[in-house]
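To start, the structure under review is shown below, and the notes come after it.
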Amino acid sequence: MERPSRILGSVSLLPVLGGCREAYSVLAPNSDHAQHVLNLTWVLFAGGTVIFIAVLAATALSLTGFESVRGWLRSERFIVLAGLAFPAVVLSALLVYGALVTNQGHSKTASAAPLEIAVVGEQWWWRVIYEQGTPNEFETANEIHIPVGQPVKLTLTSADVIHSFWVPALAGKIDTIPGRTTVLSLSANKPGVFRGQCAEYCGGAHARMGLFVVSHNSADFATWLDLERKPARKADSQSLQNGERSFHARGCGGCHQIRGSVAQGRIGPDLTHIGSRQSIAAAVLPNTTEAIKRWIKENQNIKPKNHMLAFDVLPPNELHDIAVYLKSLK
Amino acid sequence: MMALTHNWKLISAWALVAVLIAAVGIFLIAASGLYNVAASKGHSKLANWFLSFGMTNSVRTHAALIEPPDIKSDDQIHLGAAHFHSVCAPCHGAPGQKPNPSMQTMLPSPPKLAPRISEWRDRELFWIVRNGIKYTGMPAWPTQSRDDEVWAVVAFLRSLPDMNPEQYEDLAWGNARRDEASTSTGVDNLLVDSCNRCHDTAGQGPTNRRTPRLAGQKPDYLSRSLIEYASGKRHSGFMQTVAATLTTSEIKALAAHYADLQNADVVSVNFASEQLARGERLASKGSKTNAVPACLACHGSNSSPDYPRLTGQSYDYLVSQLRLWKAGLRMKTDYGMQMGEIAQRMTARQIEDVSAFFSSQNGQGASAPRDNRPESNGRQR
């Protein structure tokens, strides 16, 4: 008789344990702001539990306790104290504490000059623009690299419908709204790779719109920025040149940009350095040649109605060459 | 006073019996073969009148709600004439041409058309050509999705009563007679004559604005198009009837012939410079707002041999094909589905702008691609 309830209890813990994975979890904060939010969460959780137990106790006593206890529970004094004064005090305190916590993130980054990165939510990927508005502006996609300890200011908007930018380990959710700009300030505490997710339903493939935020120490970040800013690597072998030729001949440049080549399309993600990203297709596929091939050919099965064409007309050798070429663009 | 009553049960029982006897009787007549189905015997006068009466009224009723477009442009008469000559003249005859005698013994016999055209309205002619007539040998249009082609035939039919044999010959044979000196590289003259009735030759452009130019088109695209027409995956009443009779080697030879063809004729159509500028912008940069990639990314120079070349192509042809895609047609082939996806994102204005741009490019111009054949570009402005 006891066994089923024990199994049920242990099974119910599993989703919680899964959420504890380092890169993805609100329970593993990696920025000061996320840490403060987690502290607030624990305070609410613990406080809520205590109050819950107290209420249960009061209920139990009012049903089964001695008459003197029940008399006191009935009294006007108790109701005013426990029902009006106690909630008023506790909730006011929480209000002040919560406001301080959520403002702390902003005030911290307002002091130093933040690194500004623009992020545009698209269906169903993230356009990331560094140094927007300057002549050195360049784009990448589905991945944001930031330096550790330095404040980062993300200006977010959307190209089509409302999305929501959420990197649990670093900050809370913030909507990206077409026609408006929202701002998120964050700062990572240590180097690492953190997973993000779109948190506002934005159409069919909403669940497949993830992203990565990678934080580096400042030397590594400067190296990365330098590399990312450069135009694409030249194709230096026959097979890579075949792939490059097929890429342009098949019209991929109509939607995708590869800086340093004739491909200057802005409709889809920038592919200049796609070979060194954490993932393909917004954290949906691993970054391998096979995955790139699969995306080119079957993207309509993976994210139906996305704006890329299903390139199943490509002969297999051309598909392979293009994928190998793209993987080489590190 | 005793009211007259009927025994409804008895009456309906007898009616049922009568119907059953009639049904059995009809079945027995058919089973015994007593009824003579010989076409050679013809219909009785009464039967003829009744069938004709029924057909006329059926056509009039079913065509009543059709809105005809303006078919007065004599451009489309060329298109209708060429098709008429291959497909309709064998049964119906033509000015200066007797119909095939064995077609004439069909029942009902295909009528001589010139004296009969005035009996029908445009929309009724359209209905007949598009749907055919039951219980006769009059076929329907090979595809039900190309009304634009049927209207070209109607335009021709309308001009038929006033046509003399010389005019008919000229219309029906098109460039095949006009450009006798057209060179054909290794392709049977008879074979390419059939194409030259509508399409461009070395010295002449296509006979009408709707027919695409083939000179200098990519051979892979040409053969694929013919194969798609032959299999019925790509819909065109005109082209399906032509392509179905071609063998694979003929298709290859024709594709090679047109790929190498240099056409000296250039049709200049005047477009406003703002429209051309808009078209060029869309063709070279695309449109981010409705996710339309730059056309030249796939249709420029150095692009895949599977994508057709668009420069110098007929404006009306480009617009009509893009509109077919926008209507959800031309989506049964692999490449058709690809382009269709993009065309459906385009606005009506973008379709016109970009067609204007490409049709004005004539092999030269700012962002027009160079010829991708080994010889240099010999196209004139």
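By convention in this document, chain letters (A, B, ...) are assigned in the order of the sequence lines, proteins followed by strands, and residues within each chain are numbered from 1.
Separation of atoms CE (A:Met308) and CD (B:Glu341) is listed at 12.0 Å; rounding is to 0.5 Å. Rounding to the nearest 0.5 Å places CG of B:Asp306 at 4.5 Å from CZ of A:Arg250. If you take CD1 on B:Ile342 and CG on A:Leu309, they are separated by 4.5 Å, rounding to the nearest 0.5 Å. We find the CD1-CZ distance between A:Ile267 and B:Arg345 to be 7.5 Å, quoted to the nearest 0.5 Å.
Residue B:Lys285 places its NZ atom among 12 or fewer non-hydrogen atoms of other residues, nucleotides or ligands, all under 6.0 Å distant. Atom CZ of A:Arg208 has 12 or fewer heavy atoms from other residues, nucleotides or ligands within 6.0 Å. Counted within 6.0 Å of NZ on A:Lys330, heavy atoms from surrounding residues, nucleotides or ligands total more than 12; the atom is thus considered enclosed.
Using a 4.5 Å cut-off between heavy atoms, A:Ala159 does not touch chain B at all. Of the two parts of B:Tyr335, the backbone and the side chain both hold a non-hydrogen atom closer than 4.5 Å to a non-hydrogen atom of chain A. Contact annotation for B:Ser287: only backbone heavy atoms (N, CA, C, O) come within less than 4.5 Å of a heavy atom of chain A. Only the backbone of A:His248 comes within less than 4.5 Å of a heavy atom in chain B; its side chain stays farther off.
A:Gly253 approaches B:Ala297 most closely through the heavy-atom pair C-CB, 4.3 Å. Closest non-hydrogen pair, A:Gly251 versus B:Cys298, comes out as CA-SG, 3.5 Å.
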